[in-house]
Asks: 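First, the structure itself, so that you have it in front of you.
Any value given below was found using the heavy atoms of this structure, including those in side chains, with hydrogens, waters and symmetry copies removed. Note that this is a predicted model, so its numbers are computed, not measured. Letters A, B, ... are given to chains in the order of the sequence lines, protein chains preceding strands, and every chain is numbered from 1.
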There are 2 protein chains.
Amino acid sequence: MAPRAGEVKAQRSTPRRPRGSLNREDIIAAAFELIAGEEGVDGLSMPRLARHLDVGVTSLYWYFRSKDDLMAALTEEGADRFYQLLPDYRGRPWDEHLSCYFRDFRQVFRDNPALCDLIVLRAPMQARSPEAVRRFFTLLEREISALVQAGFPVAEAVDAYMTLSVYTRGCVLNERLFTAAEEQLDRGGYRAPRPDLDPANLPVMAEAARYWAPSFATDEKFEAGMGLIIDGLRVRLAQLTAGAAQA
Amino acid sequence: MAPRAGEVKAQRSTPRRPRGSLNREDIIAAAFELIAGEEGVDGLSMPRLARHLDVGVTSLYWYFRSKDDLMAALTEEGADRFYQLLPDYRGRPWDEHLSCYFRDFRQVFRDNPALCDLIVLRAPMQARSPEAVRRFFTLLEREISALVQAGFPVAEAVDAYMTLSVYTRGCVLNERLFTAAEEQLDRGGYRAPRPDLDPANLPVMAEAARYWAPSFATDEKFEAGMGLIIDGLRVRLAQLTAGAAQA
DNA sequence: ACCTGAACACCGTTCAAGT
DNA sequence: ACCTGAACACCGTTCAAGT
(Lines give C-alpha, C1' and ligand atoms only; values in the text may rest on other atoms or scores of the structure.)
Protein backbone atom coordinates (compact mmCIF):
# COMPACT_ATOMS: atom_id res chain seq x y z
CA MET A 1 0.00 0.00 0.00
CA ALA A 2 1.47 3.35 -1.06
CA PRO A 3 1.67 5.98 1.69
CA ARG A 4 -0.84 8.76 1.35
CA ALA A 5 0.43 12.19 0.38
CA GLY A 6 1.79 14.05 3.40
CA GLU A 7 2.18 10.82 5.31
CA VAL A 8 5.72 10.84 6.57
CA LYS A 9 7.21 7.74 8.05
CA ALA A 10 9.17 8.71 11.15
CA GLN A 11 12.71 8.23 9.98
CA ARG A 12 16.27 9.30 10.53
CA SER A 13 17.30 12.61 8.97
CA THR A 14 20.79 11.62 7.84
CA PRO A 15 21.09 8.77 5.41
CA ARG A 16 23.53 6.53 7.23
CA ARG A 17 26.08 6.75 10.00
CA PRO A 18 29.70 5.83 9.34
CA ARG A 19 30.83 2.61 10.90
CA GLY A 20 32.70 3.74 14.01
CA SER A 21 30.33 6.55 14.95
CA LEU A 22 28.47 4.79 17.75
CA ASN A 23 29.65 3.21 20.97
CA ARG A 24 28.46 2.11 24.37
CA GLU A 25 29.55 5.24 26.19
CA ASP A 26 27.81 7.64 23.83
CA ILE A 27 24.61 5.68 24.12
CA ILE A 28 24.79 5.73 27.91
CA ALA A 29 25.55 9.45 27.91
CA ALA A 30 22.59 10.15 25.62
CA ALA A 31 20.34 8.03 27.82
CA PHE A 32 21.37 10.09 30.85
CA GLU A 33 20.51 13.26 28.95
CA LEU A 34 17.07 11.85 28.25
CA ILE A 35 16.26 10.59 31.74
CA ALA A 36 17.49 13.85 33.27
CA GLY A 37 14.86 15.64 31.19
CA GLU A 38 11.14 16.05 31.53
CA GLU A 39 10.22 12.44 30.77
CA GLY A 40 12.43 10.83 33.37
CA VAL A 41 13.38 7.20 33.59
CA ASP A 42 9.87 6.01 32.77
CA GLY A 43 9.93 7.98 29.54
CA LEU A 44 13.07 6.30 28.24
CA SER A 45 12.42 4.07 25.25
CA MET A 46 14.65 2.56 22.63
CA PRO A 47 13.04 4.52 19.76
CA ARG A 48 13.30 7.78 21.68
CA LEU A 49 16.92 7.13 22.53
CA ALA A 50 17.70 6.26 18.92
CA ARG A 51 16.03 9.47 17.73
CA HIS A 52 18.03 11.48 20.27
CA LEU A 53 21.21 9.95 18.84
CA ASP A 54 19.99 10.16 15.24
CA VAL A 55 20.53 6.45 14.81
CA GLY A 56 18.36 3.61 13.63
CA VAL A 57 16.62 1.95 16.57
CA THR A 58 18.08 -1.41 15.86
CA SER A 59 21.62 -0.07 15.93
CA LEU A 60 21.30 0.14 19.69
CA TYR A 61 20.92 -3.62 19.84
CA TRP A 62 24.44 -4.06 18.57
CA TYR A 63 25.73 -2.56 21.84
CA PHE A 64 23.06 -3.72 24.27
CA ARG A 65 21.41 -7.12 24.08
CA SER A 66 18.14 -5.68 25.34
CA LYS A 67 16.66 -2.69 27.08
CA ASP A 68 17.24 -4.48 30.39
CA ASP A 69 20.89 -4.71 29.51
CA LEU A 70 20.96 -0.98 28.82
CA MET A 71 19.15 -0.24 32.07
CA ALA A 72 21.71 -2.30 33.99
CA ALA A 73 24.48 -0.21 32.45
CA LEU A 74 22.65 3.01 33.35
CA THR A 75 22.17 1.81 36.90
CA GLU A 76 25.83 1.03 37.20
CA GLU A 77 26.90 4.39 35.84
CA GLY A 78 24.30 6.03 38.08
CA ALA A 79 25.63 4.31 41.16
CA ASP A 80 29.13 5.55 40.37
CA ARG A 81 27.91 9.09 39.90
CA PHE A 82 26.05 8.83 43.17
CA TYR A 83 29.09 7.71 45.17
CA GLN A 84 31.10 10.56 43.75
CA LEU A 85 28.52 13.08 44.89
CA LEU A 86 28.83 11.98 48.52
CA PRO A 87 31.29 14.17 50.43
CA ASP A 88 33.86 12.85 52.86
CA TYR A 89 33.12 13.79 56.46
CA ARG A 90 35.96 11.89 58.08
CA GLY A 91 37.57 13.61 61.00
CA ARG A 92 34.39 14.74 62.67
CA PRO A 93 32.91 13.01 65.69
CA TRP A 94 31.23 9.79 64.56
CA ASP A 95 27.66 10.90 65.24
CA GLU A 96 28.11 14.23 63.47
CA HIS A 97 29.85 12.40 60.63
CA LEU A 98 26.86 10.06 60.23
CA SER A 99 24.20 12.72 60.28
CA CYS A 100 26.05 14.92 57.79
CA TYR A 101 26.69 12.00 55.49
CA PHE A 102 23.13 10.71 55.40
CA ARG A 103 21.70 14.20 55.18
CA ASP A 104 23.69 14.60 51.97
CA PHE A 105 22.84 11.06 50.91
CA ARG A 106 19.18 12.04 50.96
CA GLN A 107 19.77 15.43 49.40
CA VAL A 108 21.58 13.98 46.40
CA PHE A 109 18.58 11.80 45.58
CA ARG A 110 16.18 14.70 46.04
CA ASP A 111 18.22 16.79 43.64
CA ASN A 112 18.47 14.01 41.05
CA PRO A 113 15.17 12.21 40.59
CA ALA A 114 16.62 10.17 37.74
CA LEU A 115 19.43 8.91 39.97
CA CYS A 116 16.83 8.09 42.60
CA ASP A 117 14.72 6.06 40.17
CA LEU A 118 17.79 4.25 38.94
CA ILE A 119 19.36 3.39 42.27
CA VAL A 120 16.71 3.45 44.97
CA LEU A 121 13.99 1.88 42.83
CA ARG A 122 15.93 -0.68 40.86
CA ALA A 123 19.53 -1.20 41.84
CA PRO A 124 20.22 -4.10 44.12
CA MET A 125 23.92 -4.54 44.46
CA GLN A 126 24.28 -7.92 42.83
CA ALA A 127 23.26 -6.40 39.51
CA ARG A 128 26.52 -4.52 39.34
CA SER A 129 29.83 -5.34 37.78
CA PRO A 130 32.84 -6.35 39.88
CA GLU A 131 34.41 -2.93 39.37
CA ALA A 132 31.26 -1.15 40.49
CA VAL A 133 31.03 -3.38 43.54
CA ARG A 134 34.68 -2.67 44.33
CA ARG A 135 34.06 1.08 44.16
CA PHE A 136 31.00 0.59 46.38
CA PHE A 137 33.02 -1.35 48.94
CA THR A 138 35.68 1.33 48.88
CA LEU A 139 33.08 3.87 49.93
CA LEU A 140 31.80 1.51 52.61
CA GLU A 141 35.33 0.96 53.87
CA ARG A 142 35.69 4.68 54.40
CA GLU A 143 32.35 5.10 56.15
CA ILE A 144 32.42 1.98 58.26
CA SER A 145 36.01 2.49 59.32
CA ALA A 146 34.94 5.75 60.86
CA LEU A 147 32.49 3.85 63.05
CA VAL A 148 35.05 1.21 63.93
CA GLN A 149 37.47 3.91 65.02
CA ALA A 150 34.73 5.34 67.21
CA GLY A 151 34.61 2.03 69.03
CA PHE A 152 32.01 -0.11 67.25
CA PRO A 153 32.90 -3.70 66.39
CA VAL A 154 32.86 -4.29 62.64
CA ALA A 155 29.60 -6.25 62.68
CA GLU A 156 27.77 -3.51 64.54
CA ALA A 157 29.30 -0.80 62.38
CA VAL A 158 27.94 -2.55 59.30
CA ASP A 159 24.50 -2.82 60.86
CA ALA A 160 24.59 0.84 61.82
CA TYR A 161 25.47 1.98 58.32
CA MET A 162 22.93 -0.28 56.68
CA THR A 163 20.17 0.74 59.04
CA LEU A 164 20.71 4.40 58.25
CA SER A 165 21.02 3.65 54.55
CA VAL A 166 17.78 1.66 54.49
CA TYR A 167 15.99 4.33 56.51
CA THR A 168 17.24 7.13 54.28
CA ARG A 169 16.29 5.34 51.09
CA GLY A 170 12.88 4.64 52.61
CA CYS A 171 12.41 8.38 53.14
CA VAL A 172 13.58 9.12 49.63
CA LEU A 173 11.22 6.53 48.17
CA ASN A 174 8.32 7.96 50.14
CA GLU A 175 8.98 11.44 48.92
CA ARG A 176 9.54 10.36 45.33
CA LEU A 177 6.24 8.48 45.19
CA PHE A 178 4.54 11.42 46.81
CA THR A 179 5.73 13.99 44.31
CA ALA A 180 5.07 11.63 41.39
CA ALA A 181 1.48 11.21 42.57
CA GLU A 182 1.11 14.95 43.04
CA GLU A 183 2.19 15.55 39.47
CA GLN A 184 -0.27 12.99 38.26
CA LEU A 185 -3.07 14.62 40.24
CA ASP A 186 -2.10 18.00 38.85
CA ARG A 187 -2.40 16.59 35.36
CA GLY A 188 -6.13 16.26 35.79
CA GLY A 189 -6.52 13.42 38.25
CA TYR A 190 -9.34 13.50 40.77
CA ARG A 191 -8.14 14.79 44.09
CA ALA A 192 -10.19 13.59 46.98
CA PRO A 193 -10.78 16.10 49.78
CA ARG A 194 -8.96 15.37 53.03
CA PRO A 195 -11.35 13.47 55.25
CA ASP A 196 -11.98 15.31 58.48
CA LEU A 197 -10.76 13.42 61.48
CA ASP A 198 -13.53 13.22 64.02
CA PRO A 199 -11.92 14.04 67.40
CA ALA A 200 -14.54 11.85 69.08
CA ASN A 201 -13.52 8.70 67.19
CA LEU A 202 -9.89 9.50 66.51
CA PRO A 203 -8.76 11.83 69.29
CA VAL A 204 -5.05 11.15 68.93
CA MET A 205 -4.98 11.45 65.16
CA ALA A 206 -7.03 14.63 65.29
CA GLU A 207 -4.22 16.15 67.33
CA ALA A 208 -1.54 14.41 65.27
CA ALA A 209 -2.88 16.04 62.10
CA ARG A 210 -1.25 19.23 63.32
CA TYR A 211 2.19 17.62 63.17
CA TRP A 212 1.46 15.58 60.10
CA ALA A 213 3.92 15.75 57.23
CA PRO A 214 2.63 14.07 54.10
CA SER A 215 4.95 11.22 53.17
CA PHE A 216 7.38 11.98 55.99
CA ALA A 217 9.04 14.20 53.42
CA THR A 218 10.19 17.24 55.39
CA ASP A 219 13.73 17.81 56.54
CA GLU A 220 12.44 17.94 60.12
CA LYS A 221 10.85 14.49 59.93
CA PHE A 222 13.89 12.98 58.31
CA GLU A 223 16.10 14.40 61.03
CA ALA A 224 13.77 13.12 63.73
CA GLY A 225 14.01 9.54 62.48
CA MET A 226 17.75 9.76 61.94
CA GLY A 227 18.11 11.17 65.44
CA LEU A 228 16.35 8.15 66.90
CA ILE A 229 18.70 5.77 65.14
CA ILE A 230 21.80 7.67 66.18
CA ASP A 231 20.52 7.80 69.76
CA GLY A 232 20.21 4.03 69.57
CA LEU A 233 23.82 3.87 68.41
CA ARG A 234 24.95 6.05 71.31
CA VAL A 235 23.35 3.57 73.68
CA ARG A 236 25.23 0.70 72.04
CA LEU A 237 28.51 2.54 72.18
CA ALA A 238 28.05 3.36 75.85
CA GLN A 239 27.31 -0.29 76.60
CA LEU A 240 30.36 -1.35 74.65
CA THR A 241 32.79 1.02 76.33
CA ALA A 242 31.32 0.20 79.75
CA GLY A 243 31.82 -3.49 79.01
CA ALA A 244 35.36 -2.88 77.84
CA ALA A 245 36.20 -0.84 80.94
CA GLN A 246 34.91 -3.60 83.16
CA ALA A 247 37.01 -6.28 81.46
CA MET B 1 -5.99 -8.65 3.26
CA ALA B 2 -7.55 -12.02 4.02
CA PRO B 3 -6.01 -13.86 6.95
CA ARG B 4 -3.88 -16.81 6.00
CA ALA B 5 -5.21 -20.26 6.79
CA GLY B 6 -4.56 -21.15 10.41
CA GLU B 7 -4.10 -17.53 11.33
CA VAL B 8 -6.41 -16.94 14.23
CA LYS B 9 -7.10 -13.44 15.45
CA ALA B 10 -6.96 -13.47 19.23
CA GLN B 11 -10.59 -12.99 20.13
CA ARG B 12 -13.16 -13.67 22.78
CA SER B 13 -14.65 -17.13 22.88
CA THR B 14 -18.24 -16.20 23.71
CA PRO B 15 -20.06 -13.97 21.27
CA ARG B 16 -21.22 -11.21 23.58
CA ARG B 17 -21.74 -10.60 27.27
CA PRO B 18 -25.16 -9.59 28.59
CA ARG B 19 -25.46 -6.04 29.71
CA GLY B 20 -25.15 -6.27 33.50
CA SER B 21 -22.48 -8.94 33.56
CA LEU B 22 -19.48 -6.74 34.32
CA ASN B 23 -18.75 -4.37 37.17
CA ARG B 24 -15.93 -2.60 38.94
CA GLU B 25 -15.55 -5.13 41.73
CA ASP B 26 -15.28 -8.13 39.44
CA ILE B 27 -12.63 -6.40 37.41
CA ILE B 28 -10.64 -5.55 40.52
CA ALA B 29 -10.99 -9.10 41.81
CA ALA B 30 -9.80 -10.52 38.50
CA ALA B 31 -6.87 -8.13 38.47
CA PHE B 32 -5.86 -9.36 41.93
CA GLU B 33 -5.99 -12.93 40.69
CA LEU B 34 -3.65 -11.98 37.86
CA ILE B 35 -1.12 -10.02 39.88
CA ALA B 36 -1.03 -12.73 42.54
CA GLY B 37 0.11 -15.15 39.82
CA GLU B 38 3.39 -15.71 38.08
CA GLU B 39 3.45 -12.47 36.11
CA GLY B 40 2.98 -10.16 39.06
CA VAL B 41 2.05 -6.50 38.93
CA ASP B 42 4.38 -5.80 36.03
CA GLY B 43 2.65 -8.44 33.95
CA LEU B 44 -0.78 -6.87 34.30
CA SER B 45 -2.10 -5.46 31.05
CA MET B 46 -5.51 -4.44 29.88
CA PRO B 47 -5.67 -7.12 27.16
CA ARG B 48 -4.55 -9.83 29.60
CA LEU B 49 -7.10 -8.74 32.15
CA ALA B 50 -9.85 -8.70 29.53
CA ARG B 51 -8.89 -12.17 28.39
CA HIS B 52 -8.97 -13.40 31.99
CA LEU B 53 -12.50 -12.03 32.29
CA ASP B 54 -13.50 -13.16 28.80
CA VAL B 55 -14.47 -9.61 27.90
CA GLY B 56 -13.58 -7.29 25.08
CA VAL B 57 -10.60 -5.11 26.05
CA THR B 58 -12.47 -1.92 25.52
CA SER B 59 -15.23 -2.94 27.89
CA LEU B 60 -12.82 -2.29 30.74
CA TYR B 61 -12.71 1.35 29.76
CA TRP B 62 -16.35 1.75 30.63
CA TYR B 63 -15.46 1.14 34.30
CA PHE B 64 -11.97 2.65 34.46
CA ARG B 65 -10.95 5.78 32.60
CA SER B 66 -7.46 4.41 32.08
CA LYS B 67 -5.05 1.81 33.33
CA ASP B 68 -3.78 4.36 35.84
CA ASP B 69 -7.31 4.66 37.14
CA LEU B 70 -7.48 0.88 37.53
CA MET B 71 -4.09 0.79 39.26
CA ALA B 72 -5.27 3.41 41.74
CA ALA B 73 -8.27 1.22 42.56
CA LEU B 74 -6.01 -1.82 42.99
CA THR B 75 -3.70 0.13 45.25
CA GLU B 76 -6.59 1.23 47.36
CA GLU B 77 -7.99 -2.26 47.69
CA GLY B 78 -4.49 -3.56 48.37
CA ALA B 79 -3.95 -1.05 51.16
CA ASP B 80 -7.18 -2.18 52.80
CA ARG B 81 -6.18 -5.82 52.56
CA PHE B 82 -2.84 -4.95 54.04
CA TYR B 83 -4.28 -3.18 57.08
CA GLN B 84 -6.53 -6.13 57.77
CA LEU B 85 -3.58 -8.49 57.79
CA LEU B 86 -1.89 -6.56 60.59
CA PRO B 87 -2.66 -8.05 63.99
CA ASP B 88 -3.49 -6.01 67.06
CA TYR B 89 -0.79 -6.13 69.71
CA ARG B 90 -2.35 -3.70 72.17
CA GLY B 91 -1.92 -4.57 75.78
CA ARG B 92 1.73 -5.51 75.59
CA PRO B 93 4.53 -3.21 76.73
CA TRP B 94 5.02 -0.48 74.14
CA ASP B 95 8.43 -1.69 72.94
CA GLU B 96 7.31 -5.28 72.55
CA HIS B 97 4.15 -4.04 70.85
CA LEU B 98 6.20 -2.09 68.31
CA SER B 99 8.63 -4.85 67.48
CA CYS B 100 5.86 -7.44 67.05
CA TYR B 101 3.82 -5.09 64.92
CA PHE B 102 6.60 -4.13 62.52
CA ARG B 103 7.93 -7.67 62.38
CA ASP B 104 4.50 -8.67 61.04
CA PHE B 105 4.34 -5.54 58.88
CA ARG B 106 7.45 -6.75 57.09
CA GLN B 107 6.33 -10.36 56.99
CA VAL B 108 3.04 -9.52 55.28
CA PHE B 109 4.89 -7.83 52.44
CA ARG B 110 7.34 -10.70 52.13
CA ASP B 111 4.46 -13.16 51.86
CA ASN B 112 2.60 -11.02 49.31
CA PRO B 113 4.90 -9.64 46.65
CA ALA B 114 1.95 -8.21 44.74
CA LEU B 115 0.82 -6.26 47.80
CA CYS B 116 4.38 -5.06 48.22
CA ASP B 117 4.59 -3.80 44.64
CA LEU B 118 1.24 -2.10 44.95
CA ILE B 119 1.78 -0.38 48.30
CA VAL B 120 5.49 -0.02 48.94
CA LEU B 121 6.40 0.81 45.35
CA ARG B 122 3.52 2.99 44.27
CA ALA B 123 1.06 3.98 46.95
CA PRO B 124 1.58 7.37 48.48
CA MET B 125 -1.32 8.17 50.72
CA GLN B 126 -2.76 11.08 48.84
CA ALA B 127 -3.70 8.77 45.99
CA ARG B 128 -6.34 7.13 48.15
CA SER B 129 -10.00 7.83 48.59
CA PRO B 130 -11.38 9.53 51.70
CA GLU B 131 -12.70 6.21 52.98
CA ALA B 132 -9.36 4.51 52.52
CA VAL B 133 -7.62 7.36 54.28
CA ARG B 134 -10.12 7.13 57.12
CA ARG B 135 -9.42 3.42 57.52
CA PHE B 136 -5.71 4.17 57.45
CA PHE B 137 -6.06 6.78 60.16
CA THR B 138 -8.10 4.37 62.22
CA LEU B 139 -5.17 1.97 62.18
CA LEU B 140 -2.78 4.79 63.04
CA GLU B 141 -5.03 5.87 65.89
CA ARG B 142 -4.75 2.41 67.40
CA GLU B 143 -0.99 2.18 67.00
CA ILE B 144 -0.08 5.70 67.97
CA SER B 145 -2.40 5.72 70.96
CA ALA B 146 -0.41 2.85 72.35
CA LEU B 147 2.70 5.01 72.25
CA VAL B 148 0.89 7.97 73.76
CA GLN B 149 -0.27 5.79 76.63
CA ALA B 150 3.31 4.72 77.16
CA GLY B 151 4.22 8.34 77.76
CA PHE B 152 5.17 9.80 74.38
CA PRO B 153 3.69 13.14 73.36
CA VAL B 154 1.57 12.84 70.22
CA ALA B 155 4.15 14.49 67.97
CA GLU B 156 6.89 12.12 69.06
CA ALA B 157 4.61 9.11 68.83
CA VAL B 158 3.86 9.99 65.21
CA ASP B 159 7.55 10.36 64.44
CA ALA B 160 8.30 7.04 66.12
CA TYR B 161 5.68 5.17 64.12
CA MET B 162 6.67 6.80 60.86
CA THR B 163 10.36 6.15 61.41
CA LEU B 164 9.74 2.46 61.94
CA SER B 165 7.34 2.36 59.01
CA VAL B 166 9.82 4.03 56.68
CA TYR B 167 12.64 1.79 57.89
CA THR B 168 10.56 -1.36 57.49
CA ARG B 169 9.42 -0.44 54.00
CA GLY B 170 13.02 0.34 53.14
CA CYS B 171 13.98 -3.19 54.17
CA VAL B 172 11.09 -4.65 52.21
CA LEU B 173 12.02 -2.65 49.12
CA ASN B 174 15.63 -3.79 49.38
CA GLU B 175 14.66 -7.41 49.59
CA ARG B 176 12.08 -7.14 46.82
CA LEU B 177 14.59 -5.60 44.42
CA PHE B 178 17.14 -8.19 45.42
CA THR B 179 14.93 -11.19 44.69
CA ALA B 180 13.66 -9.63 41.46
CA ALA B 181 17.25 -9.21 40.28
CA GLU B 182 18.09 -12.75 41.33
CA GLU B 183 15.23 -14.07 39.24
CA GLN B 184 16.39 -12.06 36.28
CA LEU B 185 19.92 -13.38 36.66
CA ASP B 186 18.60 -16.91 36.90
CA ARG B 187 16.78 -16.38 33.65
CA GLY B 188 20.06 -16.22 31.80
CA GLY B 189 21.56 -12.93 32.88
CA TYR B 190 25.29 -12.62 33.30
CA ARG B 191 26.26 -13.01 36.93
CA ALA B 192 29.51 -11.30 37.78
CA PRO B 193 31.73 -13.12 40.24
CA ARG B 194 32.02 -11.53 43.67
CA PRO B 195 35.11 -9.34 43.64
CA ASP B 196 37.58 -10.42 46.27
CA LEU B 197 38.13 -7.80 48.91
CA ASP B 198 41.82 -7.21 49.31
CA PRO B 199 42.47 -7.06 53.09
CA ALA B 200 45.40 -4.75 52.43
CA ASN B 201 43.27 -2.07 50.77
CA LEU B 202 39.95 -2.74 52.46
CA PRO B 203 40.76 -4.26 55.84
CA VAL B 204 37.46 -3.43 57.50
CA MET B 205 35.30 -4.61 54.62
CA ALA B 206 37.29 -7.81 54.33
CA GLU B 207 36.26 -8.60 57.87
CA ALA B 208 32.75 -7.20 57.34
CA ALA B 209 32.21 -9.62 54.47
CA ARG B 210 31.78 -12.31 57.08
CA TYR B 211 28.74 -10.53 58.51
CA TRP B 212 27.45 -9.34 55.19
CA ALA B 213 23.82 -10.00 54.32
CA PRO B 214 22.98 -9.17 50.74
CA SER B 215 20.33 -6.48 50.64
CA PHE B 216 19.98 -6.38 54.43
CA ALA B 217 17.34 -9.02 53.86
CA THR B 218 17.73 -11.41 56.76
CA ASP B 219 15.50 -11.43 59.81
CA GLU B 220 18.58 -10.82 61.95
CA LYS B 221 19.53 -7.64 60.09
CA PHE B 222 16.01 -6.33 60.15
CA GLU B 223 15.83 -6.90 63.90
CA ALA B 224 19.18 -5.21 64.43
CA GLY B 225 18.00 -2.01 62.74
CA MET B 226 14.64 -2.08 64.46
CA GLY B 227 16.42 -2.60 67.77
CA LEU B 228 18.46 0.54 67.22
CA ILE B 229 15.37 2.61 66.59
CA ILE B 230 13.55 1.23 69.61
CA ASP B 231 16.63 1.86 71.76
CA GLY B 232 16.49 5.43 70.55
CA LEU B 233 12.86 5.58 71.63
CA ARG B 234 13.73 4.24 75.07
CA VAL B 235 16.20 7.09 75.46
CA ARG B 236 13.52 9.62 74.56
CA LEU B 237 11.02 8.12 76.92
CA ALA B 238 13.55 8.15 79.77
CA GLN B 239 14.32 11.82 79.08
CA LEU B 240 10.62 12.63 79.02
CA THR B 241 9.76 10.91 82.27
CA ALA B 242 12.83 12.40 83.94
CA GLY B 243 11.74 15.84 82.77
CA ALA B 244 8.20 15.25 84.00
CA ALA B 245 9.42 14.07 87.41
CA GLN B 246 11.54 17.20 87.74
CA ALA B 247 8.63 19.55 86.95
C1' DA C 1 -26.53 2.01 29.55
C1' DC C 2 -23.31 -1.13 28.50
C1' DC C 3 -20.44 -4.02 25.46
C1' DT C 4 -17.87 -4.46 21.06
C1' DG C 5 -14.01 -4.68 17.26
C1' DA C 6 -11.35 -1.78 14.19
C1' DA C 7 -7.83 1.31 14.28
C1' DC C 8 -3.87 4.12 15.92
C1' DA C 9 0.42 5.35 17.93
C1' DC C 10 3.80 3.43 20.53
C1' DC C 11 6.88 -0.13 22.39
C1' DG C 12 10.71 -4.06 22.56
C1' DT C 13 12.86 -7.25 19.64
C1' DT C 14 14.23 -10.29 15.60
C1' DC C 15 15.86 -10.85 11.13
C1' DA C 16 17.66 -10.54 6.86
C1' DA C 17 19.91 -7.60 4.67
C1' DG C 18 23.15 -3.65 3.25
C1' DT C 19 28.08 -1.57 3.45
C1' DA D 1 32.24 -5.30 11.99
C1' DC D 2 28.74 -2.25 12.27
C1' DC D 3 24.46 0.04 10.83
C1' DT D 4 19.83 -0.39 8.68
C1' DG D 5 14.51 -0.78 7.80
C1' DA D 6 10.79 -4.11 7.56
C1' DA D 7 8.19 -6.83 10.33
C1' DC D 8 6.06 -8.87 14.51
C1' DA D 9 3.75 -9.28 18.82
C1' DC D 10 2.30 -6.55 22.31
C1' DC D 11 0.55 -2.43 24.68
C1' DG D 12 -2.81 1.66 26.05
C1' DT D 13 -6.48 4.23 24.21
C1' DT D 14 -10.09 6.33 21.06
C1' DC D 15 -13.99 5.98 18.30
C1' DA D 16 -17.84 4.79 16.00
C1' DA D 17 -20.70 1.62 16.24
C1' DG D 18 -23.88 -2.35 17.90
C1' DT D 19 -27.71 -3.91 21.33
Asks: Specify whether Phe105(A) and Phe109(A) have parallel, tilted or perpendicular ring planes, treating 30° as the upper limit for parallel and 60° as the lower limit for perpendicular.
Replies: perpendicular
Asks: Arg135(A): what forms a salt bridge (charged side-chain N to carboxylate O under 4.0 Å, His left out) with it, not counting sequence neighbours?
Replies: Asp80(A)
Asks: Without decimals, in angstroms, what is the distance between Phe64(A) CZ and dC3(D) P?
Replies: 13 Å
Asks: Listed by chain and number, what are the salt bridge (charged side-chain N to carboxylate O under 4.0 Å, His left out) partners of Arg110(B), not counting sequence neighbours?
Replies: Glu175(B), Asp219(B)
Asks: Nearest 0.5 Å please: distance from the CG atom of Leu121(B) over to the CZ atom of Arg176(A).
Replies: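 One finds 12.5 Å between CG of Leu121(B) and CZ of Arg176(A).
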Asks: What would the secondary structure line of DNA chain C be in dot-bracket form, counting Watson-Crick and G-U wobble pairs under 3.5 Å, with [ ] for pairs that cross earlier ones and | for pairs with another strand?
Replies: ||.|||||...|||||.||
Asks: Which listed nucleotide (dC3(C), dC3(D), dC11(D)) is nearest to the side chain of Ser21(B)?
Replies: dC3(C)
Asks: In the 5'-to-3' direction, what one-character label does each nucleotide of nucleotides 13-19 of chain D receive under the scheme B = base within less than 4.0 Å of a protein heavy atom, S = sugar-phosphate only, - = no such atom?
Replies: BBB--B-
Asks: In whole angstroms, how far is the P atom of dC11(D) from the CG atom of Leu70(B)?
Replies: 14 Å
Asks: May I ask you to verify if any side-chain N or O of Trp62(B) is less than 4.0 angstrom from the OP1 or OP2 atom of dC3(C)?
Replies: no
Asks: Once you round it to whole Å, what is the distance between C1' of dC2(C) and CZ of Arg24(B)?
Replies: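 From Arg24(B) CZ to dC2(C) C1': 15 Å.
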Asks: Can you list every side chain to side chain donor-acceptor pair (under 3.5 Å) pair that touches residues 25-39 of chain A, not counting sequence neighbours?
Replies: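 Passing the test, one end in residues 25-39 of chain A: Asn23(A)-Asp26(A), Glu33(A)-His52(A).
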Asks: Tell me whether the OP1 or OP2 atom of dC10(C) has a side-chain N or O from Ser45(A) closer than 4.0 Å.
Replies: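 No, no such contact exists.
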Asks: How many whole angstroms separate atom CZ of Arg51(A) from atom P of dA9(C)?
Replies: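 It works out to 13 Å between those atoms.
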Asks: Can you check the Ile27(A) CD1 to dC2(D) P distance for me, whole Å?
Replies: 12 Å
Asks: With a 4.5 Å heavy-atom cut-off, do Val120(B) and Leu115(B) have their side chains touching?
Replies: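 No, too far: nothing below the 4.5 Å cut-off.
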Asks: Take the protein atom CG of Asp42(A) and the nucleotide atom C1' of dG12(C), then report the distance between them rounded to whole Å.
Replies: 16 Å
Asks: Rounded to whole angstroms, how far apart are CZ on Arg48(B) and P on dA9(D)?
Replies: 16 Å
Asks: Please list every donor-acceptor pair under 3.5 Å in which a side-chain atom of residues 158-167 of chain A meets a protein atom from a residue at least two apart or in another chain.
Replies:
residue: Asp159(A); atom: OD1; partner: Lys221(B); partner atom: NZ; Å: 2.7
residue: Tyr161(A); atom: OH; partner: Tyr101(A); partner atom: OH; Å: 2.8
residue: Thr163(A); atom: OG1; partner: Asp159(A); partner atom: O; Å: 2.7
residue: Ser165(A); atom: OG; partner: Arg169(A); partner atom: NE; Å: 3.2
residue: Ser165(A); atom: OG; partner: Arg169(A); partner atom: NH2; Å: 3.0
residue: Tyr167(A); atom: OH; partner: Phe222(A); partner atom: O; Å: 2.9

Asks: Starting at OG1 of Thr138(B), measure out to OH of Tyr83(B) and round the result to the nearest 0.5 Å.
Replies: 10.0 Å
Asks: Are the charged groups of Asp117(A) and Arg122(A) less than 4.0 angstrom apart, N to O?
Replies: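 No.
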